[in-house]
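Have a look at the structure below, then the notes.
Chain letters run A, B, ... following the sequence lines, proteins first and then strands; every chain starts at 1.
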Amino acid sequence: VIAEDLAEHAAPTDVEAEALHRVQRTQVERALWALPESQRLAVTLMDLGGFTAAEIASMLGRPRGTVLAWVHRGRKALARAVREQEADHHGP
Amino acid sequence: MGHDPPQAAAAYLGGELGRRQRERYQAHLLTCEACWGEVQAARRGRALAESAREVAPQHLRDRVRATVEATPAGRPRWAVGWAPLAAAITLVVAVAGLLLVDRQPAQPAPIAAAVASYQTRTPAWRGPAHPPSVQQVGDLRWRGSGRGTLAGLPVVEHTYQDPAGHRILLLQADRSFPTAVGAHHPAGSDTWVSEIDGVVLFCTDHPTPSLVLGQDRAIVLRAASRLGLDLRGQEGGP
């Protein structure tokens, strides 16, 4: 009975969480594609691809400091873009 | 040294600071609103990006590594002129695109690297190669050859193109290419055909291990036939 109760209560929560996650993922993907190319590459390769700054620097033939700067600017722009999307969604 | 909050935050979050520098910076964070804000904003951005990471499973990361391995190495790619720069950007953009949208099954790394090389027009060349014995395949004319590796598999690569812009890539190796996942592979045959991300692949071991890539199935199979490759078991073959 406890297991059934758990299942009954867990299902809607999971669906809700999944729906929220999908919305957020769509927002993130949209925001990523709106970034300048260098920042999008750097953030995608580091935060989605799991590559280190040194590996990305080697791939792109750019200094590691430049890659770090792109990642930093890209992450900030991503946070700002998602915040703005959320603000637009919720309205004034 | 000047006070540069973005640069300092990038170095801190990128793990570039030594232990003492890191401790000094952490103490500084408590007193500097600009640096604190930089670190918090970047952390939020990183968390958001990482939340999308589930669309980039391990096989795609392996695929990126395999693809990057297939690019010409040596000098810094952005230091040798615009063409290599554009090729490097194109390649990584394509791969980054795959990270976001790809849902296809994992392919063996040499196959994934071959497809990426074809799609991005970035040859896997690391050195010169002899021209092919067949330089005209129907309307397709030989355009160039090179020697390289695809995820560790040494290959010789020949490019052909016809006046209409159709392009095929002939890759030849000393050992068999791995079979693509989902390939049409008739029983008793050494050949297979597959389509990956809009690229048609024909592969055979006879007379020599060869992989032909193109966008049009008929052109790929016709070219394979005219190149003297064994098409038995495939449509259009004997």
Around B:E16, counting heavy atoms of other residues, nucleotides and ligands shown, do more than 12 lie under 6.0 Å from its CD?
-> yes

Min side-chain heavy-atom separation B:E38-A:H72 under 4.5 Å | yes

Does atom CZ of B:R44 have more than 12 heavy-atom neighbours from other groups under 6.0 Å away?
-> yes

Look at atom CH2 of B:W36 and say whether more than 12 heavy atoms of other residues, nucleotides or ligands are closer to it than 6.0 Å.
-> no

Find the distance between CG (A:L78) and CZ (B:R46) and round it off to the nearest 0.5 Å.
-> 12.5 Å

When the 4.5 angstrom heavy-atom criterion is applied to A:R80 and chain B, the contacting part is neither

For A:D47 against B:A49, the heavy-atom pair lying closest together | CB-CB, 3.6 Å

Pick from B:G14, B:G15, B:A9 with the largest number of heavy-atom pairs that fall under 4.5 Å of chain A | B:A9

Where do A:A79 and B:G45 come nearest, in terms of heavy atoms and distance?
-> CB-N, 3.8 Å

